[in-house]
Amino acid sequence: MLADFRTIPADTASRDALASQGLRYELVGGDTARQDAFSQAVARGFHGGAPEEQALVEMRESSRERRAIGVWDDSAAEPEVPVATVDSWPTPLRVPGDRDLEAWAISVVTVAPTHRRRGIARGLLEGELRAAIAHGTPLAILTVSESTIYGRYGFGPATWAAELVVDTKRARWVGPTPAGRVHLISRESTRAIALDLEERARAAGGIPTWGGHWDRQLGLRPSQASKSADLRAVRYDDAAGEPQGFAVYRVKDAGPDFTRHPVEIIDLIAATPDAYAALWRYVLELDLVHEVVAWQRSVDEPVKWMVADARAVLTRSVTDHLWARILDVPRCLEGRTWQRAGRVVLDVADDLGLAGGRFALEVDDAGAARVTTTDEPADVSLGIAALSSLLLGGASPITLAAAGRLEGDAAAVERLHVMAVTPVPPCLGFWF
């Protein structure tokens, strides 16, 4: 599988469009020097420092596991460093119904500031969409640093992430008291359990991570040794002694008042409700702490209902996070479980001509969908980006209609709403 997707040739349409400007659009391949130059360009694109040799060695692991594309300008002062980058890989995406749908994950999209407004980003993104189709993948996904870019390629926000700030002095615990216990563990021990527990906890909107992700999160890479000594970890074991979750956090400097340490939650992964309650209670009851901050959390976190003063848990921000782009409407809509039985005819517009058409969506009492092309009059008309936002159950058709993002009579829109929207919002807990 890896060899198959990594060797899909560079897209010819993007290659030719960029070649007309004197640019080379090519697979990075297995050459170490090219991989290192690609990593340097990625760091520059996200305003990071120049990677040292050890960091470059560590980044080569990602280069081996993904399909990387670079754009080179042979007239640049340093022609060996790409002026644009992107990489990708196929991954299972959890969708409603505890099912997985294969998705084409796109990452590290950068264009050098010297080469903007030359159609390079278009070449990168459209090339990736065509590569996904060539691989037979029905959906593309990415997380975005700039939310104004990706709608033009048919992506729509499909999950949202909250930043929570908890005032621990007000957050007296009134939630469950789990029967298991919390253990302090090393970061190395956390690494050993992370992939398994994360997979067990993965819900709609989630994709699997990889070993290198946890090496970075836990500060286990040699290049991070000087920056990770303050990371701490705990594990929750249930009453039978089985690990069911873990949390990684950092206690920051308190300043002159030693009772007012802020805590940052790096990750809190819970495979069971007991683990969730136990881990949150642990971090909220740490001594000499006045505030706990957690990023990339669900927009409907149960912890808000587990403390005596609901105002102690402040949602400081909610932002779009995972963006999705449907490439095969029938496969995507049939790939998830729907909330209610019903039938809606959808007229889907796709400016790139990749996945548009008119489709009858029929859902049975078990939530299974059947999607067929049809010439019937449409009940609801919408763009591919809006349909992609609806796929994971976190966006409301009623809200999208009010925003002018879809059209249809009120009864049809409401019918689609009750069919599509899930009780628990989808969530992705990390960037990629």
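- Looking only at distances, a side-chain donor or acceptor of R152 sits under 3.5 Å from a matching main-chain atom of I149.
- Shortest non-hydrogen contact noted between A131 and R67 is CB-NH1, 3.7 Å.
- Listed here is the closest heavy atom pair of V303 and V313: O-CG2, 4.3 Å.
- Counted by atom type alone, D73 and H115 present one or more donor-acceptor pairs between their side chains at under 3.5 Å.
- Of all non-hydrogen atoms in L416 and L361, the two that sit nearest each other are CD1-CD2, 4.4 Å.
- Looking at E128 and Y153, their side chains never bring a donor and an acceptor atom within 3.5 Å of each other.
- Remark: the R60 side chain and the Q35 side chain contain no N/O donor-acceptor pair separated by less than 3.5 Å.
- Exactly one residue among L390, L382, V380 makes a side-chain contact (heavy atoms from CB on, under 4.5 Å) with L400. That residue is L390.
- Remark: the backbone N or O of G45 is not paired with any side-chain donor or acceptor of T110 at under 3.5 angstrom.
- Residues R370 and D364 are not paired through a salt bridge, judged by the lack of any N-O separation under 4.0 Å between the basic side chain and the carboxylate.
- Taking a cutoff of 4.0 Å between a charged side-chain nitrogen and a carboxylate oxygen, E61 and R64 do not qualify as a salt bridge.
- A side-chain donor-acceptor contact under 3.5 Å links E198 and T209.
- The minimum heavy-atom distance between G335 and V95, with the atom names listed, is O-CG2, 3.4 Å.
- For the pair E102 (side chain) and T91 (backbone), a donor-acceptor distance under 3.5 Å is absent.
- Using a 4.0 Å cut-off between charged side-chain N and carboxylate O, D11 and R15 make no salt bridge.
- Not less than 6.0 angstrom separates the ring centroid of W431 from the ring centroid of W295.
- Other residues, nucleotides and ligands place more than 12 heavy atoms under 6.0 Å from the CZ atom of R24.
- The environment of D351 atom CG is sparse: at most 12 non-hydrogen atoms of other residues, nucleotides or ligands sit within 6.0 angstrom.
- With 3.5 Å as the limit, one finds no donor-acceptor pair spanning the side chains of E407 and S381.
- A salt bridge is absent between R221 and D215: the closest approach of a Lys/Arg side-chain nitrogen to an acidic carboxylate oxygen does not fall below 4.0 angstrom.
- Residues P138 and R331 come closest through the heavy atom pair CD-NH2, 3.4 Å.
- Using a 4.0 Å cut-off between charged nitrogen and carboxylate oxygen, R235 and D237 count as a salt-bridge pair.
- Annotation: D74, atom CG; neighbour count of heavy atoms from other residues, nucleotides and ligands within 6.0 Å is above 12.
- Of the N and O atoms on the side chains of Q244 and T272, not one donor lies less than 3.5 Å from an acceptor on the other residue.
- T159 and H321 form no side-chain donor-acceptor contact under 3.5 Å, judged by distance and modelled atom types alone.
- Of the options I106, D350, L125, a side-chain contact (heavy atoms from CB on, under 4.5 Å) to R325 is made by D350 and by none of the others.
- Defined by atom type and a distance below 3.5 Å, a donor-acceptor pair is present between the side-chain atoms of R130 and S14.
- T168 pairs by the side chain to side chain donor-acceptor pair (under 3.5 Å) definition with nothing, not counting sequence neighbours.
- The residue from D328, L327, L391 that alone fulfils the side-chain contact (heavy atoms from CB on, under 4.5 Å) condition with L139 is L391.
- Under the 4.0 Å criterion applied to side-chain N and carboxylate O atoms, K252 and E291 are not assigned as salt-bridge partners.
- The number of heavy-atom neighbours closer than 6.0 Å to CD of E188, taken from other residues, nucleotides and ligands shown, is above 12.
- A salt bridge links R343 with E376; the closest basic N to acidic carboxylate O contact falls under 4.0 Å.
- Aromatic ring pairs are classed by plane angle as parallel below 30°, tilted from 30° to 60° and perpendicular above 60°; the pair H213 and F430 is tilted.
- A cation-pi arrangement is absent between R191 and W214 under the rule of less than 6.0 angstrom and at most 45 degrees off the ring axis.
- Relative orientation of the H135 and W104 rings is tilted, given thresholds of 30° and 60° on the angle between their planes.
- The pair R34-E80 does not meet the salt-bridge criterion, since no charged nitrogen lies less than 4.0 angstrom from a carboxylate oxygen.
- The backbone N or O of S223 lies less than 3.5 Å from a partner atom in the side chain of E58, making a donor-acceptor pair.
- Two rings, from F432 and W323, have their centers 6.0 Å or more apart.
- Enclosure of atom CZ in R260 is not indicated, since only 12 or fewer non-hydrogen atoms of other residues, nucleotides or ligands lie within 6.0 angstrom.
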